[in-house]
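Presented below is the structure to which this report refers.
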Amino acid sequence: MLIRRESPDDVPTVRAVTAAAFTGVPHSAPAVEPDGVPGEASLVGWLRADPGWVPELSLVAESAGIVVGHVVCTRGSLAGAPALGLGPLSVIPAHQGRGAGSALVHAVLGAADALDWPLVVLLGDPAYYGRFGFVPALGLGVEAPDASWGDHFQARPLTAYDDSLRGVFTYAEPFGRL
Ligand SMILES: CC(C)(COP(=O)(O)OP(=O)(O)OC[C@H]1O[C@@H](n2cnc3c(N)ncnc32)[C@H](O)[C@@H]1OP(=O)(O)O)[C@@H](O)C(=O)NCCC(=O)NCCS
């Protein structure tokens with residue numbers, strides 16, 4: 001499996017991969033486009049056109065020349081300071097459970113660290129993301145945009161982190177459209 005940056009040719013495939021990954025998933029966002037794709041597939045497209053898009057942090061997983069997964073981190077704001085929000089993270093159903101999701105998360109965290117981002121947050125299952133060093137964000141003084149997310153709002157400090165980075169996290173604007 002190869003993890004690499006998204007290229008312009010990947011854009012339609014990334015949409016299809018995101019749609020396939022989130023179709024039928026209980027917590028997926030409702031469709032907002034006429035073609036009925038899950039909201040997460042629309043979100044990736046909106047993010048690509050948003051100032052919060054960080055091209056270095058949109059990665060695909062390729063297996064035998066086929067894109068089977070995608071991850072993106074976008075710029076958000078933590079009490080006015082820049083920080084990253086991770087997601088959507090998608091692996092097509094036929095390739096799930098073979099390590100693509102883990103490879104994508106490790107790769108995007110390594111890239112974010114190398115680029116001197118201080119912190120990555122996400123909304124997800126602690127049972128999955130704990131293995132990548134994510135901890136409940138509130139323990140670091142980082143608050144979710146929605147307090148009801150509880151321990152599912154997690155944060156991963158990177159090398160450039162210091163504990164003055166606290167407050168309410170705001171995602172890139174397109175997240176609010178879902
Ligand atoms: C979540 C997802 C990206 C994981 O990708 P993947 O390639 O299947 O993951 P990996 O093969 O690297 O890891 C599989 C491991 O993660 C676990 N796992 C996968 N999804 C999980 C979840 N939602 N909660 C807890 N554990 C999960 C598996 O049980 C497995 O555990 P094990 O290593 O202890 O056996 C993929 O299942 C997916 O696209 N799901 C639908 C979309 C989605 O929910 N995205 C994440 C939103 S936060």
Checklist outcome for this item: The reported gap from CG in L47 to OG1 in T74 (rounded to nearest 0.5 angstrom) is 5.0 Å
Checklist entry - Can you find a side-chain donor-acceptor pair between D146 and S148 that sits under 3.5 Å? => result yes
Item to check | Hphob cluster co-occupancy, V108 + F134, side-chain heavy atoms under 4.5 angstrom | outcome: yes
Item to check | Atom pair NE2 (H106) and CD1 (I3), whose distance is rounded to the nearest 0.5 Å | outcome: 10.5 Å
Checklist outcome for this item: dist S102:OG -> R131:CZ (nearest 0.5 Å) comes out at 5.5 Å
Checklist entry - Run the side chain to side chain contact (heavy atoms under 4.5 Å, CB included) check on S90 and E40 step by step: do they pass? => result CA-CA 9 Å; S90 307; E40 287 82 359; 5.9 Å; no
Checklist entry - Of all heavy-atom pairs between V17 and H70, which one has the smallest distance, and what is that distance? => result CG1-N, 4.3 Å
Item to check | Under-4.0 Å salt bridge between R4 and D10 | outcome: yes
Next on the checklist: side chain to side chain contact (heavy atoms under 4.5 Å, CB included), that's the test. Do V14 and R48 meet it? Break it down for me.
Outcome noted: CA-CA 11 Å; V14 166; R48 210 179 270 109; 3.7 Å; yes
Checklist outcome for this item: Nearest heavy-atom contact between L178 and G39 is CD2-O, 3.5 Å
Checklist outcome for this item: CD (E6) and CH2 (W53) are apart, to the nearest 0.5 Å, by 4.5 Å
Next on the checklist: Taking F175 as the starting point, is it possible to reach L122 by hopping between hydrophobic residues whose side chains are less than 4.5 Å apart?
Outcome noted: no
Checklist entry - Are Y161 and V121 in one and the same hydrophobic cluster, where Ile, Leu, Val, Met, Phe, Trp and Tyr link if side-chain heavy atoms are under 4.5 Å apart? => result yes
Next on the checklist: Between L158 and P118, is there a side-chain heavy-atom distance shorter than 4.5 Å?
Outcome noted: no
Item to check | Non-hydrogen atoms of A79 and R166 that approach each other most closely | outcome: CB-O, 3.4 Å
Checklist entry - Just by distance, do the side chain of S77 and the backbone of G80 share a donor-acceptor pair under 3.5 Å? => result yes
Checklist entry - So, the side chain of D151 versus the backbone of P136: is there a donor-acceptor pair under 3.5 Å, distance only? => result no
Next on the checklist: I'd like to know if the side chain of R75 and the backbone of P51 have a donor-acceptor N/O pair within less than 3.5 Å.
Outcome noted: yes
Checklist entry - About how many Å separate OG1 of T23 and CD1 of I92, when rounded to the nearest 0.5 Å? => result 12.0 Å
Item to check | G99 to M1 - nearest heavy-atom pair and separation | outcome: C-CE, 4.2 Å
Next on the checklist: R177 vs L43, test: side chain to side chain contact (heavy atoms under 4.5 Å, CB included). Steps then yes/no.
Outcome noted: CA-CA 8 Å; R177 298 186 212 167; L43 174 61; over 6 Å; no
Checklist entry - Can you find a pair of side-chain heavy atoms, one from D35 and one from R15, that are under 4.5 Å apart? => result yes
Next on the checklist: Show, in sequence, the C-alpha distance, side-chain angles and deciding distance for L89 and V105, and conclude whether the side chain to side chain contact (heavy atoms under 4.5 Å, CB included) test is met.
Outcome noted: CA-CA 8 Å; L89 166 67; V105 175; 3.7 Å; yes
Item to check | Whether F132 and Y128 hold their rings parallel, tilted or perpendicular, with breakpoints at 30° and 60° | outcome: perpendicular
Checklist entry - Considering only heavy atoms from C-beta outward, does the side chain of P88 approach that of V44 to under 4.5 Å? => result yes
Next on the checklist: Donor-acceptor check, side chain of E62 to backbone of L2, threshold 3.5 angstrom: yes or no?
Outcome noted: no
Checklist entry - Using the ring of each side chain (for Trp, its six-membered ring), is F169 parallel, tilted or perpendicular to Y171, with breaks at 30° and 60°? => result perpendicular
Item to check | L165 CG to L78 CG distance, which is reported to the nearest 0.5 Å | outcome: 4.5 Å
Checklist entry - Do W46 and L123 belong to the same hydrophobic cluster, where Ile, Leu, Val, Met, Phe, Trp and Tyr are linked whenever their side-chain heavy atoms lie under 4.5 Å apart, directly or via other members? => result yes
Checklist entry - Any idea which heavy atoms bring L104 and A61 closest together, and the distance? => result CD2-N, 3.7 Å
Checklist entry - Taking L57 as the fixed residue, which of V71, V72, L84 is the one that meets the side chain to side chain contact (heavy atoms under 4.5 Å, CB included) rule? => result L84
Checklist entry - Which heavy-atom pair separates P55 from R5 by the least distance, and what is that distance? => result O-NE, 3.6 Å
Item to check | Joint cluster assignment, V32 & V37, ILVMFWY side-chain distance < 4.5 Å | outcome: no
Checklist entry - Where the side chain of Q154 meets the backbone of G124, is there a donor-acceptor pair that is under 3.5 Å apart? => result yes
